[in-house]
Amino acid sequence: MLEVKKVKKIYQMGKVKVEALRGVSFYIDKGEFVAIMGPSGSGKSTLMHIIGCLDQPTEGNFIIGGKDVSKLNDDRLAEIRNKRIGFVFQQFNLLSRTSILHNVEIPLIYAGVKAKQRRELAKQALESVGLADRVKHKPNEISGGEKQRAAIARALVNKPLIILADEPTGNLDTKTGEEIIKIFYKLHRQGNTIIMVTHEAEIAR
Amino acid sequence: MGSNVINILPGTSKGWGGSISASSVDVFTLELADYIEKVSPSVKRVVPISQGSSLLIKGNFNIQATIIGTNADYQEVNNYNLALGQFINESDLDTSRNIIVLGSELAEELFGNNNPLGEKIKLFYQRRDYLFTVIGVMEEKGKGLTGDLNNQAYIPITTFMKKLSNSRFVSYYMAQAKSGKEAAAAVGEIEYFLIKYLEDEEQEKFNLFSQDQILDTISSVTASLSLMLGGIAAISLLVGGIGIMNIMLVSVTERTREIGIRKALGAKNKNIMSQFLIEALSLSGMGGLIGIFFGWLGAYAIAQAGKWPLVVSPISVLLAFGFAVIIGLFFGLYPAMKAAKMDPVDALRYE
Ligand SMILES: Nc1ncnc2c1ncn2[C@@H]1O[C@H](COP(=O)(O)OP(=O)(O)O)[C@@H](O)[C@H]1O
Ligand SMILES: [Mg+2]
């Protein structure tokens, strides 16, 4: 379903070349839960960005749903990000000015879903992560754990092929982090494909 | 006033430093008015006018008014109708009667809803009292460029000259050409005659103002005024536009992360572009509305102060709003494009 083929990512910093990825290859099937581990600066985020179609490889190919991403234009990439991929970030990345509900609605807005259905789907997604009673709140009115749940709801709402999580517990305390991980387990049991960057060996096990 | 009216004013003797002193040359008599009327074939009438400012007193209420001493023809030359009673007639003039015709505003102020006809009012002119009987009230007249006609009162010119001013000379003449077409000829005839009569080759003792001339002067003044205001408006729009661009650029930079997040969630470049363009447009549109409101308020205040009618043309309002929106569009375009072109990963990393 998803294939990374000899992917290289090279950053040109003035005269210095930084090789963030040096020819990575792997294949991920539907329903898998993949953990990516590695020291800081080893290129994990770079890889996630490529899989998330936010960035493109310098060399090699990335194929998702049978399509080679390196051959697509900006608009097609935006569509893939919108419909096929749900991204969960370490820093939550919610829009601070609007409500949790509206935050979760954003992917649906770009997908062209009508307002009424949008609200319905967003509420469902928030319910599934246990945030039904927080829909009207602004991000700064809820806790870190709740923010990450909202971010997961936002990643889920368009029913993506794959959920990408880049150190989703990195900004949370241990206990809250465990609760978030449990949500990912639950999503995996429900049939979602998940790729997660993590430092915790237990999850990767 | 019709386009065939020519004002004949006494020349003003030049004051020092190029300024014009207020003292006018005493040359205009009643006889001269009749004479001009007779010798100028294109001139229908010459109406003499004496003018002064006075206090009108009714009981313990008083009001400042412009007193016009004139004759029966004034009404027709000025195309000015009565609301009540009658205007000055020949017998009033012959016997220098103390009768007065009030402008609509004066009648309203002094008498309210009561009938002013036959009532006596006191006229306080240059420290002396005179008793006048009201015989008429003029209809309400739009406020013209020559001042507020509704605040004027009319008395026989003979009364004015014999009792009030004690002078052989009147303030000015109002001549009426036989038709609008003959106005230019009438100006020529009067000029020719007065130069001869007053032995005034330099034309220092009199000035002619035809309605056309006044309109010409006014329109050239308003044209240069419009040009100047237009220039100021253009500069304001430019400055405002640059202001909008600045605000939008700051907004784009501040919201770099938001742009990154939106792109990660599937926003296309054109979605980001339209988001920021709409923001710039609503900014400039709001500015446009506020500007229209204050523009209207300013126009209203000036109209009130100058007692002019308030005319705000819908075209100028639309034009102003349209321009504001166009400025928003033009100066919002660059920041919006900058936002749309951001690389998603770079935008997400932005602190
Ligand atoms: N935009 C960039 N420009 C230059 N170097 C970069 C850029 N992004 C990442 N890198 C470099 O690439 C390497 C991998 O970064 P990253 O993928 O963020 O690592 P990780 O997520 O594993 O900590 C690091 O050395 C980092 O400095
Ligand atoms: Mg990282």
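Chain letters run A, B, ... following the sequence lines, proteins first and then strands; every chain starts at 1. Please read these numbers as outputs of a predicted model, since none were measured by experiment. Excluded from the calculations below are hydrogen atoms, water molecules and symmetry mates; all remaining heavy atoms, backbone and side chain alike, are included.
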Check whether any side-chain heavy atom of R154(A) sits under 4.5 Å from a side-chain heavy atom of L265(B), and report yes or no. yes
Taking atom OH as the centre, does Y300(B) end up with more than 12 heavy-atom neighbours from other residues, nucleotides or ligands that are less than 6.0 angstrom away? no
Output the distance between atom CZ (R257(B)) and atom CD (Q91(A)), rounded to the nearest 0.5 Å. 5.0 Å
D74(A) versus chain B, heavy atoms under 4.5 Å apart: side chain, backbone, both or neither? side chain
Are more than 12 heavy atoms from other residues, nucleotides or ligands located less than 6.0 Å from atom OH of Y334(B)? no
Within 6.0 angstrom of F330(B) CZ, more than 12 heavy atoms from elsewhere: no
Neighbour count above 12 (heavy atom, 6.0 Å) for E139(B) CD: yes
Roughly how far, to the nearest 0.5 Å, is CG of L348(B) from CG of D166(A)? 10.5 Å
Rounded to the nearest 0.5 angstrom, the CD-CG distance for E258(B) and L95(A) is 5.0 Å
Exercise: identify the closest heavy-atom pair between A78(A) and A267(B): CB-O, 3.7 Å
Point-to-point distance, once rounded to the nearest 0.5 Å, from CG of L54(A) to NZ of K263(B): 10.0 Å
If you count heavy atoms of other groups shown closer than 6.0 angstrom to CD1 of I315(B), is the number above 12? no
Select one option (side chain, backbone, both, neither) describing which atoms of R255(B) are under 4.5 Å from chain A's heavy atoms. side chain
Does some side-chain heavy atom of R81(A) sit less than 4.5 Å from a side-chain heavy atom of K268(B)? no
Using 0.5 Å steps for rounding, measure from the CD1 atom of I261(B) to the CG atom of L94(A). 7.5 Å
